[in-house]
Amino acid sequence: ALEKETFQEVGQWYFRECQAGRHRPNLKRPKRQSTIQLERYYFDRHIVPEFGDSRLDELKRATVQAFVDRLGDDFSLSTARQCRIILHAIYVFAQRREITDVKNPCEFVTVAATGPRDRVLSDTEIHAIWTALKPPIDIDGAAISASVGYACLLATVTLQRRGEVTGMRLDEIDRDQRLWTIPGKRTKNHRTQVVPLS
């Protein structure tokens with residue numbers, strides 16, 4: 001019966017629906033593959049070992065709060081926040097699919113806020129990174145390929161996201177105009193973006 005499915009089973013179903021674009025009502029496009037991969041990482045590494053064999057109606061708010069508190073202490077606030085978001089999304093999905101009718105135990109679970117990220121690299125730091133990542137890369141204890149090095153350098157000079165840089169295609173580059181046109185299907189806001197190239 002559906003009410004006896006485990007959290008791991010419901011989670012696996014949720015991620016399949018994310019790929020098909022059926023994870024939320026009135027949403028016709030799939031969730032980004034990179035987002036699914038990131039969420040699957042947190043799900044498999046933290047949520048499944050903790051709650052994988054549990055049924056959805058077994059989790060209480062205090063249990064979820066203790067779980068995210070522990071993640072914040074042992075790993076990071078970002079890890080705690082991501083796991084809380086994923087747990088909440090799976091419950092909402094399960095309620096919509098009538099897998100469970102229990103109240104979402106994540107609703108009032110909180111994660112401590114992080115401070116604003118206003119750190120800016122100095123010219124000296126940028127120079128050090130540029131020098132270290134310019135192939136051939138020779139950093140003790142770090143296994144970084146030339147392609148990763150180039151991607152980091154390109155992200156630095158274009159101020160674009162990692163996924164957009166690593167997904168760059170030659171047909172997106174206009175060498176004469178020195179422009180890089182990123183199609184909306186690859187940008188976070190789903191809008192075409194034109195990036196000037198130095």
Side-chain angles (χ1 to χ4, degrees), residues 1-117 143 148 151 160-167 169 182-191 193:
L2 285 176
E3 66 269 22
K4 294 187 177 178
E5 289 193 33
T6 66
F7 208 99
Q8 183 171 15
E9 291 168 334
V10 176
Q12 301 285 8
W13 183 12
Y14 166 75
F15 286 117
R16 286 194 301 272
E17 296 302 284
C18 285
Q19 290 181 314
R22 295 187 298 259
H23 57 294
R24 285 167 50 191
N26 305 320
L27 188 69
K28 295 182 180 178
R29 66 170 178 260
K31 186 176 280 196
R32 280 181 187 279
Q33 196 59 40
S34 59
T35 302
I36 294 174
Q37 288 174 348
L38 181 66
E39 290 183 350
R40 284 300 304 261
Y41 168 80
Y42 286 111
F43 180 76
D44 292 336
R45 179 164 186 199
H46 299 292
I47 295 173
V48 169
E50 188 78 14
F51 302 125
D53 293 332
S54 303
R55 296 199 320 269
L56 272 70
D57 58 1
E58 293 177 335
L59 265 66
K60 305 298 180 192
R61 184 184 309 145
T63 306
V64 178
Q65 184 68 65
F67 171 63
V68 298
D69 288 347
R70 192 167 63 253
L71 290 177
D73 292 340
D74 296 347
F75 294 92
S76 69
L77 292 175
S78 175
T79 297
R81 189 171 295 105
Q82 287 293 332
C83 287
R84 186 238 173 242
I85 289 169
I86 295 163
L87 285 166
H88 186 276
I90 290 173
Y91 268 99
V92 170
F93 169 78
Q95 289 168 332
R96 193 164 54 83
R97 292 301 182 105
E98 297 184 337
I99 299 169
T100 183
D101 57 3
V102 300
K103 187 170 182 176
N104 190 333
C106 306
E107 190 172 345
F108 296 107
V109 171
T110 59
V111 179
T114 54
R117 295 188 294 175
V148 169
Q160 299 307 301
R161 292 182 175 88
R162 174 185 56 197
E164 290 158 3
V165 169
T166 57
R169 296 171 49 92
I182 310 172
K185 64 183 179 182
R186 291 209 303 106
T187 61
K188 187 172 184 178
N189 62 7
H190 301 286
R191 295 179 182 172
Q193 187 166 334

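Heavy-atom basis, side chains included; hydrogens, waters and symmetry copies ignored.
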Exercise for review: Show your reasoning for whether salt bridge (Lys or Arg N to Asp or Glu O under 4.0 Å) applies to R70 and E50.
Suggested key: CA-CA 11 Å; R70 192 167 63 253; E50 188 78 14; 2.8 Å; yes
With rounding to the nearest 0.5 angstrom, report the [atom1] to [atom2] distance, [X] to [Y].
{"X": "D73", "Y": "T79", "atom1": "CG", "atom2": "OG1", "value": "12.0 Å"}
{"X": "D57", "Y": "F7", "atom1": "CG", "atom2": "CZ", "value": "11.5 Å"}
{"X": "L38", "Y": "Q33", "atom1": "CG", "atom2": "CD", "value": "12.0 Å"}
{"X": "I99", "Y": "R97", "atom1": "CD1", "atom2": "CZ", "value": "7.5 Å"}
{"X": "Q82", "Y": "F75", "atom1": "CD", "atom2": "CZ", "value": "14.5 Å"}
{"X": "I36", "Y": "R16", "atom1": "CD1", "atom2": "CZ", "value": "12.0 Å"}

If you compare all heavy atoms of [X] against all heavy atoms of [Y], which two are closest, and at what distance to 0.1 Å?
{"X": "F93", "Y": "H23", "result": "CD1-O, 4.0 Å"}
{"X": "H46", "Y": "L71", "result": "ND1-CD2, 3.6 Å"}
{"X": "D53", "Y": "T6", "result": "O-CG2, 3.9 Å"}
{"X": "C106", "Y": "V64", "result": "SG-CG1, 4.1 Å"}
{"X": "A80", "Y": "V68", "result": "CB-O, 3.3 Å"}
{"X": "I47", "Y": "C83", "result": "CD1-O, 3.9 Å"}

Exercise for review: Using atom types as modelled and distance alone, determine if a side-chain donor or acceptor of Q95 lies under 3.5 Å from a backbone N or O of V102.
Suggested key: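 Answer holds: yes.
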Point to revise | Y91 side chain vs T100 backbone, donor-acceptor pair below 3.5 Å | key: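 Not at all, since once roles are kept as given, no pair shorter than 3.5 Å links the two residues.
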**Study point:** side-chain contact (heavy atoms from CB on, under 4.5 Å) partners for A151, two or more places apart
**Key:**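 Once residues adjacent in sequence are excluded, the partners of A151 under the side-chain contact (heavy atoms from CB on, under 4.5 Å) criterion are V165, T166.
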Check your understanding: Taking only residues two or more places apart in sequence, or in another chain, which ones meet I85 in a side-chain contact (heavy atoms from CB on, under 4.5 Å)?
Key ->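 Only R81 meet the side-chain contact (heavy atoms from CB on, under 4.5 Å) criterion with I85.
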Practice item. State, without any angle test, whether Q193 and E164 hold a side-chain donor-acceptor pair at a distance under 3.5 Å. Key: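 The criterion, which ignores hydrogens and geometry beyond distance, is not satisfied for E164 and Q193.
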Review point. Under 3.5 Å, is there a donor-acceptor pair between the R84 and Q65 side chains?
Key: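 No, no side-chain donor-acceptor contact under 3.5 Å.
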Check your understanding: Are F67 and F51 close enough that their ring centres sit under 6.0 Å apart?
Key ->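 Distance test on ring centres: under 6.0 Å, yes.
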**Study point:** D44 CG: over 12 foreign heavy atoms closer than 6.0 Å
**Key:**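 Yes, CG of D44 has more than 12 neighbouring heavy atoms, counting only those of other groups under 6.0 Å.
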Check your understanding: Heavy-atom count around R96 CZ within 6.0 Å, excluding the residue itself: above 12?
Key ->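 Yes - once you tally the heavy atoms of other residues, nucleotides and ligands closer than 6.0 Å, there are more than 12.
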Practice item. Return the set of residues passing side-chain hydrogen bond (donor to acceptor under 3.5 Å, both in side chains) with R45 (not counting sequence neighbours), or none when no residue passes. Key: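 If we apply the side-chain hydrogen bond (donor to acceptor under 3.5 Å, both in side chains) test to R45, skipping adjacent residues, the hits are Y41.
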